[in-house]
Amino acid sequence: MSRGDCVAMEPRAGVSKQDIREQIWDHMESQNLADFPRPVHHRIPNFKSKKTLLVPTPRLRTGLFNKITPPPGATKDILRKCATSQGVRNCSVPIGLDSRVLVDLVVVGSVAVSEKGWRIGKGEGYADLEYAMMVSMGAVSNETPVVTIVHDCQVVDIPEELLEEHDITVDYILTPTRVIATGCKRPQPMGITWSKISWEMIEKIPVLRSLRAREQQAGKDVTLQGEHQHLLEPGRQQAVPLSAGRRPPDTPGPEANSMEAAGGSPPGEGAPLAADVYVGNLPRDARVSDLKRALRELGSMPLRLTWQGPQRRAFLRYPDSAAAQQAISCLQGLRLGTDTLRVALARQQRDK
């Protein structure tokens, strides 16, 4: 592999993070540089460079850390499976907030990175949040090295003005052809910026709720994104106090999710309804386990999966339309075997 595969990008006025993401994604797709899952758009690209990557808990659903514990005498194939999202669930031990763990090295995924250490992810903010949570736990400090592993084409110029206070930077960049020491002196985030955290994230990430309760007890400002707007009562000009474990008005709770999974409507007027995603053009020899594996790898597991193999289709139920739209974005272009699946909101599919 040569440096000729790299993307030449000159800083220009008005460039955005999304502009840089799209250029990287388009290049890696057109040059067939990426590994499964494809297409790479809206993802951290995967590619083979004879290095093994271990990932944290996918989307922080069950915690922050998982210690991989391969079975005795594990083969190379088993070790490879241990590094997948399914392997994290089946072959790991969770490490809670009370664990006095010290992280010696942080490895983070990137869509684009500059030789100065500026980094752009896929836009969801999970890597920045994971790092901030580790800071709050005392697991990392500003002296902990941060490494990213990317293809040579992902090393580009990034204007510094695109960086925000919650963005992490990298100290070393590993590519298939070189190791870059960035010498970055920009301080890392000092913890969680709660004003950047939405109630939707609080509901989805249990460990984030626990961490917020701790920092609230310690007297820190844990006001969430848009929280003051949520808490103003009609006809009053003051905010209603909110305890750490209480949901804002109109936020569905676990009981709503249970009813949605059962096919009913959640209680309360104006509460969001569950949404179904249609998946079509399934291969004739496909099995439900094939689709489940792909969904797990993409981090898009639904509340319920209805398999209609003879009709070459399936329906995926998600908590609300926003989750369904996010799943559609993740699944666009997904292949099972040689067939590219068709994905759409179920209602849209019925209308067609």
Side-chain angles (χ1 to χ4, degrees), residues 3 6-25 27-28 40 42-47 49 51 53-56 59-60 64-65 101-197 201 208 211:
R3 292 290 304 279
C6 299
V7 175
M9 180 182 294
E10 295 295 332
R12 64 182 188 277
V15 69
S16 68
K17 288 183 178 180
Q18 191 61 23
D19 293 333
I20 297 173
R21 291 185 186 106
E22 294 293 343
Q23 184 165 350
I24 295 292
W25 285 329
H27 178 80
M28 296 193 78
V40 297
H42 310 292
R43 314 182 198 280
I44 299 296
N46 290 335
F47 60 92
S49 62
K51 296 180 176 68
L53 302 181
L54 300 180
V55 296
R59 296 183 179 270
L60 303 173
L64 178 56
F65 290 114
V101 60
L102 292 177
V103 176
D104 298 314
L105 178 71
V106 175
V107 180
V108 62
S110 303
V111 171
V113 66
S114 78
E115 293 192 15
K116 294 182 178 180
W118 314 151
R119 172 194 171 272
I120 294 178
K122 61 183 176 181
E124 294 184 343
Y126 277 99
D128 301 311
L129 179 58
E130 290 160 3
Y131 184 90
M133 292 171 71
M134 289 190 286
V135 171
S136 298
M137 292 172 57
V140 300
S141 69
N142 202 53
E143 305 301 318
T144 306
V146 179
V147 176
T148 191
I149 302 176
V150 296
H151 191 276
D152 285 282
C153 75
Q154 293 173 261
V155 183
V156 299
D157 291 323
I158 299 175
E160 184 175 1
E161 57 266 24
L162 294 182
L163 269 67
E164 302 177 68
E165 62 177 349
H166 63 274
D167 288 333
I168 61 175
T169 57
V170 300
D171 300 298
Y172 296 94
I173 304 170
L174 277 62
T175 81
T177 65
R178 56 182 175 151
V179 175
I180 303 169
T182 67
C184 184
K185 300 300 182 182
R186 180 186 175 97
Q188 298 284 19
M190 298 302 295
I192 297 174
T193 305
W194 292 104
S195 60
K196 298 283 187 180
I197 304 297
M201 295 183 72
L208 193 57
L211 201 50

Applying side chain to side chain contact (heavy atoms under 4.5 Å, CB included) to Ala132 and not counting sequence neighbours gives Ile192
Point-to-point distance, once rounded to the nearest 0.5 Å, from CD of Glu22 to CD of Gln18: 4.5 Å
Provide the closest heavy-atom pair for Trp118 versus Ile158 in the form atom of the first, atom of the second, distance. CD1-O, 3.0 Å
For Asp167, enumerate each residue passing the salt bridge (charged side-chain N to carboxylate O under 4.0 Å, His left out) test, keeping only those at least two apart in sequence or located in another chain. Lys17
Any side-chain heavy-atom pair of Val106 and Ile168 under 4.5 Å: no
Minimum heavy-atom distance between Ile24 and Cys153, given as atom pair plus value: CD1-O, 3.3 Å
Would you be so kind as to tabulate the donor-acceptor pairs closer than 3.5 Å made by side chains of residues 141-148, with sequence neighbours excluded?
residue : atom : partner : partner atom : Å
Ser141  : OG   : Glu143  : N            : 3.2
Asn142  : OD1  : Gln188  : N            : 2.7
Thr144  : OG1  : Ser141  : N            : 3.0
Thr144  : OG1  : Ser141  : O            : 3.3
Thr148  : OG1  : Val108  : O            : 2.8
Thr148  : OG1  : Ser110  : OG           : 2.7

Under the 3.5 angstrom rule, does the side chain of Thr175 hit a backbone N or O of His151 as a donor-acceptor pair? no
side-chain hydrogen bond (donor to acceptor under 3.5 Å, both in side chains) partners for Arg43, two or more places apart: none
Listed partners of Glu165 passing side chain to side chain contact (heavy atoms under 4.5 Å, CB included), at least two apart: Thr193, Lys196
Pairing residues for Trp194 by the side-chain hydrogen bond (donor to acceptor under 3.5 Å, both in side chains) criterion, not counting sequence neighbours: Glu215
With rounding to the nearest 0.5 Å, note down the distance linking OG1 in Thr169 to CG in Leu163. 7.5 Å
Quick check: closest heavy atoms across Arg21 and Ile120, and the distance to 0.1 Å? NE-CG2, 3.5 Å
Gln154 and Met28, any side-chain heavy atoms less than 4.5 Å apart: yes
Please check if the side chain of Thr182 supplies one atom and the backbone of Val170 the other of a donor-acceptor pair under 3.5 Å. yes
Closest non-hydrogen atoms of Pro189 and Val135, given as atom of the first, atom of the second and distance, are O-CG2, 3.8 Å
In the structure I gave you, are the side-chain heavy atoms of Leu208 and Leu129 within less than 4.5 Å of one another anywhere? yes
Roughly how far apart are Met190 CE and Ser136 OG, rounded to 0.5 Å? 10.0 Å
side-chain hydrogen bond (donor to acceptor under 3.5 Å, both in side chains) with Glu160: which residues, sequence neighbours excluded? none
For Ile180, give me all partners under side chain to side chain contact (heavy atoms under 4.5 Å, CB included), at least two apart in sequence or on another chain. Glu115, Val155, Ile173, Arg178
Atom CE of Met133 and atom CG of Asp128: how far apart are they, to the nearest 0.5 Å? 13.0 Å
To check you understand the geometry: which heavy-atom pair defines the closest contact between Val150 and Pro176, and what is its length? O-CD, 3.4 Å
Closest non-hydrogen contact found for Val156 with Ala112 is CG2-CB, 4.0 Å
